[in-house]
Amino acid sequence: MLLFSLIILLTSVCHVQAKAVFAHFMLWNSNNFTKEDWRLDITEAKIAHIDGFALNTGFSLENQHLLDDAFAIADELDFKLFLSLDYSGDGHWPTDQVMKYLKEYTKKPAYYKTSDNKPLVSTFEGAQAAGDWQKIKDKIDCAFIPEWSNLRPARSIAYEQVDGLMSWTAWPNGTEDMDTSVDKEYMDALDGKPYIMPVSPWFYTNLERFHKNWVWQGDDLWYTRWQQVLELSPEYVEILTWNDYGESHYIGPIHGDDLDVFNYGQAPFNYAENMPHDGWRKLLPYVIDLYKNGGKDAKIEEEGLISWYRVNPAHACASGKTTGNTLTQNQQTLPAGEVLKDRIFFSALLESSADISVTIGGKDRAASWINTPDGGKGIYHGSIPINNQTGDVVVTLTRDNDFLAEIKGNEITTKCVNNMTNWNAWVGNATSTGPKPASSSSSSKQDSSSTRLVLSGSIYGLISWVVFFLML
Ligand SMILES: *[C@@H]1O[C@H](CO)[C@@H](O)[C@H](O)[C@H]1NC(C)=O
Ligand SMILES: *[C@@H]1O[C@H](CO)[C@@H](O)[C@H](O)[C@H]1NC(C)=O
Ligand SMILES: *[C@@H]1O[C@H](CO)[C@@H](O)[C@H](O)[C@H]1NC(C)=O
Ligand SMILES: *[C@@H]1O[C@H](CO)[C@@H](O)[C@H](O)[C@H]1NC(C)=O
Ligand SMILES: *[C@@H]1O[C@H](CO)[C@@H](O)[C@H](O)[C@H]1NC(C)=O
């Protein structure tokens with residue numbers, strides 16, 4: 001029996017190792033990182049059950065010691081890293097530079113290896129350099145999984161040097177709901193080869209220097225997209241991103257001395273200031289474990305609540321000429337305020353159902369869940385319209401009138417920094433301090449409902465009912 005359990009355990013552990021979750025990490029935004037900063041960020045990523053960072057860099061990286069520090073600390077903390085070569089920022093990576101970097105870093109112990117023990121190498125764009133990879137792979141044996149969004153997946157996979165593909169389609173078109181059609185196109189073309197599925201919570205960028213000024217849909221996306229991960233069960237997931245402050249989709253901590261992107265990029269104002277996104281990591285340990293377990297079950301370490309919203313209603317101030325969608329990607333544009341809704345979003349991780357309430361400026365607002373998990377355990381999600389209300393936001397979680405958790409969020413205001421609507425989100429989180437839900441053995445109320453559940457599924461239900469009636 002023990003041996004049998006051990007075999008089951010071992011096979012499930014092996015299965016778990018095949019899947020991994022990465023976060024895209026912009027080295028450019030960590031130029032001032034000390035070893036302590038690496039330690040902090042890697043520790044936070046590990047708490048969130050993230051396996052590694054995809055280190056994005058162009059070929060003209062000035063501080064190569066950054067990479068040395070990162071690999072040293074990752075090794076110390078048992079975390080993984082791999083390179084994501086950016087062909088967009090500095091342009092085409094010279095082949096000799098690619099080989100130099102790969103030769104040096106893929107041999108580091110903290111470099112991420114695929115299940116067939118090859119170092120994973122990814123890109124941001126660079127389809128025009130497809131022809132370089134024959135030569136590179138002749139010298140360095142690696143699993144090459146590029147993100148070549150301007151080629152159809154079927155065209156990309158036709159290159160024999162390609163071992164898998166990543167997509168960058170993490171946001172939907174305009175007001176459309178996010179769906180998995182692009183992911184499915186990739187997975188079909190890959191026919192079993194590894195797919196890196198992108199997951200992102202938000203998108204707002206306004207950087208004049210780079211002629212970038214648009215939003216894509218965030219809102220419910222952090223909830224929706226993880227449900228899609230569970231549904232498709234890809235080999236890999238990459239969170240976009242850990243620290244891209246200039247596009248507002250960071251989920252890592254904000255480092256005050258690494259926000260040069262707002263000066264250098266000529267942003268009209270620093271739209272990440274006072275906009276922490278740490279709360280977006282809070283439900284990750286559960287949802288990542290669930291994804292790795294094939295969606296079957298995962299342990300809830302602690303019940304908790306997260307909430308996010310924009311602090312300026314869409315019409316409060318000037319739009320800053322920010323559009324929904326972007327002409328730079330041949331999209332049809334629409335007002336930013338049509339793509340991002342004036343709503344307060346909330347998700348909770350719960351052992352069983354609980355009640356949600358929201359006040360804005362002290363006024364109670366009717367709130368309830370829109371999405372609830374099958375069986376009652378898991379992630380709950382919902383939102384309420386802001387309706388031009390202003391003031392402090394308080395989101396509270398209770399169960400049978402017992403207090404569980406509360407978020408006191410930043411106020412919603414029509415006073416905007418630089419008189420421009422900030423299209424970035426404020427994110428908060430709270431851990432439940434309330435009683436754990438009664439288990440089926442300690443609460444009579446729970447007892448009857450769990451008895452009913454069992455009845456629907458198995459012979460034990462029948463026996464329970466017989467016993468139940470005998471007891472009556
Ligand atoms: C995006 O949505 C618009 C309508 O909002 C539609 O006209 C357009 O065809 C869509 N584009 C794509 C690529 O689906
Ligand atoms: C790093 O710090 C220096 C000195 O304070 C600053 O000039 C630079 O902009 C910072 N880099 C980033 C990426 O923020
Ligand atoms: C701020 O923007 C509003 C709306 O666009 C405008 O009416 C107002 O004059 C602006 N105020 C300042 C100080 O620029
Ligand atoms: C909010 O106010 C703006 C302008 O003051 C108005 O156009 C809009 O309809 C209002 N929205 C709601 C939901 O009341
Ligand atoms: C999220 O919770 C952690 C502690 O669990 C806290 O340090 C952090 O400030 C919280 N973030 C926000 C934005 O509320």
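Given the structure is predicted, the values throughout are model-derived calculations rather than measurements. Numbering of residues begins at 1 and proceeds along the displayed sequence. Whatever order the structure lists ligands and atoms in, that order sets their numbers, starting from 1.
The N/O atoms of Asn387, backbone and side chain alike, include none that comes under 3.5 Å of an N/O atom in ligand 4. For a threshold of 3.5 Å applied to N or O pairs, the pair formed by Asn32 and ligand 2 contains at least one separation below that value.
Taking both residues in full, the closest heavy atoms of Thr169 and Met178 are given as O-CE, 3.5 Å, listed atom of the first, atom of the second, then distance.
Under the rule for a disulfide (SG to SG under 2.5 Å), Cys142 has no partner lying at least two apart in sequence or in another chain. Scanning for side-chain contact (heavy atoms from CB on, under 4.5 Å) contacts around Gln134 gives Asp138, Glu160, Gln161, with sequence neighbours left out. With sequence neighbours left out, Pro153 forms a side-chain contact (heavy atoms from CB on, under 4.5 Å) with Leu165, Glu185, Tyr186, Ala189.
Contact check for Arg399 versus Leu350: side-chain heavy atoms found under the 4.5 Å cut-off.
The part of Leu259 lying near ligand 2 is the backbone, judged by heavy-atom distances below 4.0 Å. When heavy-atom distances to ligand 2 are checked against a 4.0 Å cut-off, Asp260 comes that close through both its backbone and its side chain.
Aromatic ring centroids of Phe345 and Tyr223 lie 6.0 Å or more apart.
Close approach of ligand 2 to Asp257 (heavy-atom distance below 4.0 Å) involves ligand atoms 1 (C), 10 (C), 11 (N), 12 (C), 14 (O).
Sorted by chain and number, the heavy-atom contacts of ligand 1 below 4.0 Å come from Asn173, Glu176, Gln332.
Between Lys193 and Asp163 no salt bridge is recorded (no basic side-chain N to carboxylate O distance below 4.0 Å).
Note on ring orientation: taking the six-membered ring where Trp is involved, the planes of Trp28 and Tyr264 are tilted (angle from 30° to 60°). The aromatic rings of Trp308 and Trp280 lie perpendicular to each other, with more than 60° between the two planes, well past the 30° mark.
Using a non-hydrogen distance threshold of 4.0 Å, Asp258 registers as a contact of ligand 2.
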